[in-house]
Amino acid sequence: MKIESLDLPDDVIRFYLDSGIEELYPPQAEAIEKGLIEGNNLLAAIPTASGKTLLAELAMLKAISKGGKALYIVPLRALASEKFDRFRSFSSVSVKPGENRGLRVGISTGDFESRDEWLGSNDIIVATSEKTDSLLRNETSWMQEITTIVVDEVHLLDSANRGPTLEVTLTKLMKLNPNCQIIALSATVGNAYEVADWLKAKLVLSEWRPTSLREGVYYGGNINFHGSQKLIDPRTNDDAVNILLDTLEEGGQCLVFESSRKNSVSFAKRAGAKVSETLDKLTRNALDELVEQIIENGETEAANELAKCVRNGTAFHHAGLNSAHRRIVEDGFRSNKIKVISSTPTLAAGLNLPARRVIIRSYRRYDPNYGMQPIPVLDYKQMAGRAGRPHLDPYGESVLIAKSYDEMAGLFDNYIDSDAEDIWSKLGSENALRTHILSTIVNGFATTRDGLLEFIEATFFAHQNDTWGIMDVVDECLDFLRDNKMLEGDEALLPTALGRLVSTLYIDPLSGAYMVDGLKKIKNPTTIGLLHLICKTPDMRQLYLRSNESEIINDIVMAHSDEFVEIPPRSKEMEYEWFLAEVKTALLLQDWVDEKPLDPITEKFNVGEGDVHAFADIAEWLMHSMSRLAGLIAPEMSTDVSNQTALLEKRIHYGASPELIELVSIRGIGRVRARKLYDNGIKTTDSIKEAGLERVSELIGPKTALKLFNEIGLHLDIRSEEPGKVNSQTMSSLMENEQSTFSDFEK
DNA sequence: GTAAGCTTAAGCTTATGGCCACCAC
DNA sequence: TAAGCTTAAGCTTAC
């Protein structure tokens with residue numbers, strides 16, 4: 001089927017022809033036949049890289065040309081940026097009726113800050129599922145104008161953490177805009193028809209790929225495929241390294257999946273020694289540049305380790321890396337400088353980062369309850385599916401590794417020849433229902449218990465199960481919400497001011513309840529006490545307590561015993577252990593706000609740079625929430641802590657002591673530079689002005705100083721103060737230059 | 001004969017990922 | 001639960 005033959009505006013057809021797309025892939029053609037362009041709902045359960053995005057684009061562009069608006073829901077922020085960048089290329093496409101302009105695209109995720117209402121002026125809006133939920137909770141007006149919804153990776157409905165959010169969000173959207181077209185994109189799962197049925201969507205089910213995929217198992221010196229074998233030269237005594245070297249010899253790149261961060265690091269190191277021998281001069285030089293970038297962007301030992309690997313043409317990738325390092329690794333791999341990435345499952349789903357060959361070094365993962373467990377078929381398929389870059393590789397290969405013949409046979413049966421599992425709604429748990437019941441009531445989707453039941457009947461959970469089974473849980477949730485003053489009334493369900501606030505802050509009602517309780521009880525509010533309060537909530541993630549740490553943390557608790565709201569009795573062992581883990585998490589945050597450098601923090605708590613930022617990120621949100629709650633219940637508190645929580649929120653954001661807050665609030669000044677200025681007597685914005693450009697340049701470097709003065713709106717003063725020193729022409733053009741690079745960086 | 005280098009066995013340790021708010025320029 | 005790491009012992013190789 002030709003693009004030209006489709007019922008689309010000329011501008012759209014020209015856009016695709018110009019980018020070299022003339023013919024549709026078979027699954028895309030099937031989607032067209034099933035009414036994609038006529039506005040039918042559609043579920044496409046097809047492999048990655050088989051053209052899902054194009055499907056979505058065609059539907060969105062058609063809808064916009066008829067005056068509509070599209071919402072594209074993704075599971076990851078990184079994916080949101082990727083789609084946003086892609087859709088921005090439509091700025092040359094002008095299809096909006098009555099308006100002669102290119103398409104506008106907006107992005108909304110936790111780290112891209114744009115006003116929600118302003119966002120509505122775009123034709124396509126990309127958002128994470130949680131952000132979509134939050135926009136609904138805040139009753140964003142343009143939500144009702146959406147005519148096309150694309151749900152990427154809809155099989156995440158199966159995820160225990162995040163599935164319920166997606167499910168409830170979709171249910172709300174369908175209630176809000178009953179005539180909306182829904183395009184759901186999914187990996188191949190067992191019961192795709194069931195999801196399609198729920199969404200009232202036509203199903204496109206296909207295994208077709210633009211690049212063929214061969215799935216094999218390595219055993220006894222060969223990669224064994226169905227019907228063929230490939231001999232691997234045993235040049236080292238490490239099987240995975242041999243398979244990797246074989247790939248490089250053929251001119252391909254490799255993605256290696258490991259089961260833990262530590263393993264991913266050690267494989268990258270181990271492989272580096274051998275990969276290094278295969279590099280040519282040109283690649284070496286390019287890698288050296290990457291090494292420099294890595295060192296520049298890192299403050300910890302991990303950066304050195306990564307740099308060492310990259311110098312050899314290998315890299316590791318996991319959530320402990322900071323975002324700059326992740327990007328350098330991903331881009332370095334895409335541009336074929338880095339030959340191998342050894343990664344945790346971070347790279348399995350999401351980012352588009354294919355390779356000639358995928359090696360799955362471990363198909364087992366640790367589960368605290370059951371020990372090492374084989375991963376689901378779906379996870380395997382996602383990893384294997386990364387093999388083969390469309391249009392670049394002649395084929396893709398995935399390799400599992402077996403130690404015995406029996407294991408090999410088992411792997412063929414259980415993974416290669418198996419279909420992915422069915423997906424199951426996880427909405428039935430109390431944890432999931434508690435938060436979503438509250439938001440459903442707050443937003444008026446249900447005002448009575450019967451109304452709530454009716455809403456639940458429309459969810460995927462109810463599509464798969466009888467709802468009478470969860471009514472007990474629903475009632476428990478309602479009781480919890482009433483007990484904690486978030487709901488009122490028996491017949492009619494009325495949200496209280498507290499309930500509304502908890503819902504819009506997007507915190508678990510249980511977190512809200514803990515915070516309110518703690519705020520009321522706290523007598524001697526200190527940094528560690530307040531930090532512990534947020535670390536206790538289910539929204540905070542916990543650090544793992546190692547056995548030899550109990551004593552040390554216990555000592556700290558004893559020394560500050562009057563600062564904690566409540567300390568469980570030591571006799572309740574489990575509970576006390578939990579408490580110590582919460583305190584440990586609070587201690588990490590305390591080090592962060594006390595300006596401890598990252599390196600000692602990562603070492604002390606055995607985490608990566610990326611983790612520290614992730615902890616701070618969550619903590620900032622929770623501290624903000626607690627601050628807002630404190631404002632609401634102020635009359636009921638014995639001591640007013642609003643000022644303290646507000647200050648702590650800022651300190652967590654910047655990782656800085658109170659005295660630095662003024663300096664650090666200036667854009668471009670982080671905690672390190674602020675400290676340098678402060679220790680040299682420059683403590684406020686005014687004293688920056690007094691000190692002058694020259695003095696500040698000495699401390700933080702001329703470029704940053706210039707940026708800083710520009711930021712505090714002082715460039716005019718400088719010019720008049722030092723007319724002889726700086727040519728105003730050069731100065732202002734230089735600053736313009738700085739300005740643009742700086743805002744580029746911010747993006 | 002000795003030291004270095006390698007292999008093997010036993011014992012110990014440790015084990016994925018990542019989303020969400022609001023403010024204000 | 002099991003894989004990797006560390007340590008120690010046992011063996012081979014090189015001088």
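Throughout, protein chains are lettered first and strands after them, A, B, ... in sequence-line order, and every chain is numbered starting at 1. These numbers come from the heavy atoms of this one structure, side chains and all, not from hydrogens, waters or symmetry mates.
- The aromatic ring of A/Y506 is not stacked on the base of B/dA21, since the criterion of ring centres less than 5.5 Å apart with planes inclined by under 30° is not met.
- For A/A319, taking side-chain heavy atoms from C-beta onward, the closest of the listed nucleotides C/dG4, C/dT1, B/dG17 is B/dG17.
- A sub-4.0 Å separation between OP1 or OP2 of B/dT16 and a side-chain N or O of A/R541 is absent.
- A/S625 comes within 4.0 angstrom of no nucleic acid atom, judged by non-hydrogen atoms across all strands.
- Counting heavy atoms from C-beta on, the side chains of A/L510 and A/T537 never come closer than 4.5 Å.
- Phosphate contact (OP1/OP2 of B/dC20, side-chain N/O of A/T165, threshold under 4.0 Å): absent.
- In a base pair of the Watson-Crick type (N1 to N3 plus N6-O4 or O6-N4) or a G-U wobble (N1-O2 and O6-N3), with each distance short of 3.5 Å, B/dA15 is matched with C/dT1.
- Note on A/P75: only backbone sugar-phosphate atoms sit closer than 4.0 angstrom, heavy atoms only; bases stay farther off.
- As rounded to whole Å, 11 Å separates atom C1' of B/dT16 from atom CE of A/M383.
- Between A/L622 atom CG and B/dC20 atom C1' there is a gap of 9 Å when expressed in whole angstrom units.
- When the side-chain nitrogen and oxygen atoms of A/R361 are compared with OP1 and OP2 of C/dG4, one or more of them lie within a distance under 4.0 Å.
- A/E305 pairs in a salt bridge (Lys or Arg N to Asp or Glu O under 4.0 Å) with only one of the listed residues (A/K269, A/K262, A/R261), which is A/K269.
- We find that CG of A/L321 is positioned 13 Å from P of B/dT16, with the value rounded to whole Å.
- In this structure, A/S259 reaches the sugar-phosphate backbone alone: every heavy-atom distance under 4.0 Å involves primed, P, OP1 or OP2 atoms, never a base.
- At least one test fails for A/R361 against the ring of A/F257: distance under 6.0 Å to the centre or angle within 45° of the axis.
- A/S266 comes within 4.0 angstrom of sugar-phosphate atoms only, judged by non-hydrogen atoms across all strands, and of no base.
- Across all strands, A/I618 comes closer than 4.0 Å to base atoms (heavy-atom distances).
- Spacing between atom CG of A/L79 and atom P of B/dG18 amounts to 12 Å, rounded to whole angstrom units.
- Residue-level contact check: A/E620 touches the bases, meaning some heavy atom is under 4.0 Å from a base atom.
- Looking at heavy-atom distances under 4.0 Å, A/N161 makes contact with a base.
- Summary of the strand contacts: A/P345 and A/W621 both lie near DNA chain B, and taking for each the nucleotide with the nearest heavy atom, the more 5' one is attributed to A/P345.
- For A/R261, the side-chain atoms get nearest to B/dG17 when compared with the rest of B/dG17, B/dC20, B/dC22.
- Ranking B/dA21, B/dA15, C/dA2 by closeness to the A/Y366 side chain, first place goes to B/dA15.
- Side-chain atoms of A/E167 and A/S425 include a donor-acceptor pair closer than 3.5 Å.
- The side chain of A/Y544 approaches B/dA15 more closely than any other nucleotide in the set B/dG18, B/dA15, B/dC19.
- In this structure the side chain of A/S439 never reaches within 4.5 angstrom of the side chain of A/T435, judged on heavy atoms.
- Residue A/T344 places at least one side-chain N or O under 4.0 Å from the OP1 or OP2 atom of B/dG17.
- A/M540 has its CE atom 15 Å from the P atom of B/dC19, to the nearest Å.
- Figure legend. C/dC15 is base-paired to B/dG1; pairs are counted as Watson-Crick or G-U wobble with both atom distances under 3.5 Å.
- A/K131 has a side-chain polar atom (N or O) that falls below the 4.0 Å cut-off from OP1 or OP2 of B/dA21.
- Residues A/H613 and A/F615 keep their aromatic ring centres 6.0 Å or farther apart.
- On the P atoms, B/dT16 is 13 Å away from C/dG4, given to the nearest whole Å.
- For the pair A/H624 NE2 and B/dC23 P, the interatomic distance rounds to 6 Å; values are reported in whole Å.
- In this structure, A/K650 places its NZ atom 20 Å from P of B/dA21, rounding to the nearest Å.
- Put simply, A/N369 has no side-chain N or O that comes within less than 4.0 Å of OP1 or OP2 on C/dT1.
- The shortest side-chain heavy-atom distance between A/Y219 and A/E407 does not fall under the 4.5 Å cut-off.
- The listed nucleotides are B/dC19, C/dC5, B/dC22; the one nearest the side chain of A/N138 is B/dC22.
- No donor-acceptor distance shorter than 3.5 angstrom exists from the side chain of A/N263 to the backbone of A/S259, with no hydrogens or angles considered.
- When distances are taken from the side chain of A/T346 to each of B/dC22, B/dG17, B/dA15, the shortest belongs to B/dG17.
- For A/R365, no side-chain nitrogen or oxygen approaches OP1 or OP2 of B/dA15 to under 4.0 Å.
- Side-chain atoms of A/M372 lie closest to B/dA15 of the nucleotides B/dC20, B/dT7, B/dA15.
- In this structure, A/R77 places its CZ atom 8 Å from C1' of B/dG18, rounding to the nearest Å.
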